[in-house]
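The structure appears below as structure tokens.
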Amino acid sequence: MTSGAAQGAVIDDGVVAIAEGRIAWCGPSGAIPDTLKGWDADDLEGRLVTPGLIDCHTHIVHGGDRAREFEMRLEGASYEEIARAGGGILSTVAATRAASEDDLLAMTLPRVDALIGEGVTTLEIKSGYGLDVDTELKMLRVARRIGEARPVRVRTSFLGAHAVPPEFAGRPRDYLAEVCLPALEAAAAEGLVDAVDGFCEGIAFSPGEIVMVFDRAKALGLPVKLHAEQLSNLGGAKLAAHYGALSADHLEYLDEEGVKAMADARSVAVLLPGAFYTLRETQLPPVGLFRQHGVQMAIATDCNPGSSPLASLLLAMNMACTLFRITPAEALAGTTINAARALGLAGCGCIAPGMRADLAVWNVEQPAELSYRIGFNALHQRIFGGNW
Ligand code: DI6
Ligand code: FE
């Protein structure tokens with residue numbers, strides 16, 4: 001996957017040499033350097049080895065569930081109507097505020113384990129269901145604890161600008177100034193923030209409001225990313241590109257101008273087919289324009305209780321192929337090398353000397369099988385930091 005090109009190179013009868021948690025060498029078995037001869041070796045019996053998968057966009061830390069809203073949508077209500085009526089993100093905010101830090105961790109681990117069980121070795125986790133200082137910090141502390149409780153690397157994104165909480169209804173700027181920005185400062189001071197995210201949408205924050213958050217991120221030296229153009233086109237991706245965003249995410253309503261801005265900024269397009277599927281959207285993300293302008297695409301679960309209650313990255317890959325017409329090779333690049341880029345990580349997501357030895361070993365013969373099957377987990381084992 002080193003080139004990031006759609007076609008990763010498959011090496012038949014390959015060898016991956018690992019020392020001290022990193023990849024020391026990889027290549028065909030016929031070309032093993034003399035220095036590696038005599039090392040302990042495991043025979044993987046013809047299995048496929050890929051980089052460990054990276055889920056680069058999740059809201060996996062959250063309290064409660066929204067099964068009732070699922071029923072309401074089946075009875076005809078829309079996602080936006082439910083949100084405007086005080087359900088949606090705000091109902092998860094209430095449940096997340098009510099949960100203790102330990103309870104939140106316990107509720108989240110089964111979802112994390114489902115991802116790990118499918119070969120995930122790096123996981124992004126957002127805050128954004130607290131919307132008060134204490135709960136935003138609580139969510140991010142839980143995210144960090146997940147990286148201690150399980151063999152998975154966690155990257156956090158501060159998403160205080162996810163929704164306007166009820167106590168600030170109709171006063172988004174006051175919420176940002178009085179709660180969101182102080183929470184960001186406090187979280188950053190505690191080392192809890194790897195990137196800063198926002199939700200730019202009619203039911204959330206305008207581009208002008210997102211600027212307040214991005215300016216503070218910039219002052220703190222933190223990279224930004226943005227939920228943009230999910231339900232409408234407000235120019236969010238273009239704004240994010242202006243700030244050199246690592247990624248813009250969702251993007252169904254993005255136009256060519258926005259695609260070009262992302263290309264210039266080298267922002268990754270993170271596609272989230274689980275939300276598209278769950279909300280029965282019909283507007284497809286501009287995949288052809290991403291290819292044409294050389295914007296790299298990543299695929300993630302968006303694991304969240306409302307619009308994407310999905311804890312399977314393999315299913316997200318399948319959905320990206322079937323719903324968005326992504327190729328299986330693009331889907332694999334989208335959950336490895338390009339997902340790493342979307343998180344600003346240079347040390348993982350491909351199999352090359354010096355990279356972390358985070359690998360997934362699969363009971364398949366060809367990479368396309370990972371995206372092709374539905375509801376079938378072909379993982380044999382993971383290697384995390386050089387350890388089975
Ligand atoms: N877009 C999403 O898909 C999630 N957040 C966001 O900004 C949905 C969050 C939710 O509905 O709880
Ligand atoms: Fe999201």
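Both counts, for ligands and for their atoms, begin at 1 and track the order of listing. Residues: numbered from 1 along the sequence shown.
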Taking only residues two or more places apart in sequence, or in another chain, which ones meet F324 in a ring-ring contact (aromatic ring centres under 6.0 Å, His included)?
->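 Expected list: F276.
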List-wise, which protein N, O or S atoms are found short of 2.8 Å from the Fe ion (ligand 2)?
->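 As for protein N, O or S atoms lying under 2.8 Å from the Fe ion (ligand 2), they are H57 NE2, H59 NE2, H227 NE2, D302 OD1.
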Contact residues of ligand 1, where a non-hydrogen atom lies under 4.0 Å away =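 Only H59, R66, Y79, I89, Y129, H162, F199, H227, Q230, H250, D302, N304, G306, S307 have heavy atoms that fall under 4.0 Å of ligand 1, ordered by chain and number.
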Should the ring pair H162 and H227 be called parallel, tilted or perpendicular, given that the plane angle runs from 0 to 90° and is split at 30 and 60?
->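 H162 vs H227 ring planes: tilted.
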Is there any salt bridge (charged side-chain N to carboxylate O under 4.0 Å, His left out) pair reaching into residues 222-242, and which pairs are they, with sequence neighbours excluded?
->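 Applying salt bridge (charged side-chain N to carboxylate O under 4.0 Å, His left out) to every pair that reaches into residues 222-242, excluding sequence neighbours, yields K238-E257.
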Would you please say whether a donor-acceptor pair under 3.5 Å links the side chains of T92 and R66?
->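 Yes, because at least one side-chain N or O of T92 sits under 3.5 Å from a partner of the opposite role on R66.
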Is there a donor in the side chain of D102 and an acceptor in the side chain of S100, or the other way round, less than 3.5 Å apart?
->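 On atom types as modelled, these side chains do not qualify, holding no pair under 3.5 Å.
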Shortest non-hydrogen separation from L159 to E136 and the atoms involved |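 Between these two residues, the closest heavy atoms are C-OE1, 4.1 Å.
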Cation-pi check, R153 to F384: give yes when NZ or CZ is under 6.0 Å from the six-membered ring centre and within 45° of the ring axis, no otherwise.
->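 Pair R153/F384 counts as cation-pi.
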Passes side-chain hydrogen bond (donor to acceptor under 3.5 Å, both in side chains), R47 versus N363? Steps please.
-> CA-CA 6 Å; R47 294 186 171 92; N363 292 312; 2.5 Å; yes
Evaluate the side-chain proximity of Y129 to T135: yes if any heavy-atom separation is below 4.5 Å, no if none is.
->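 Answer no - side chains too far apart.
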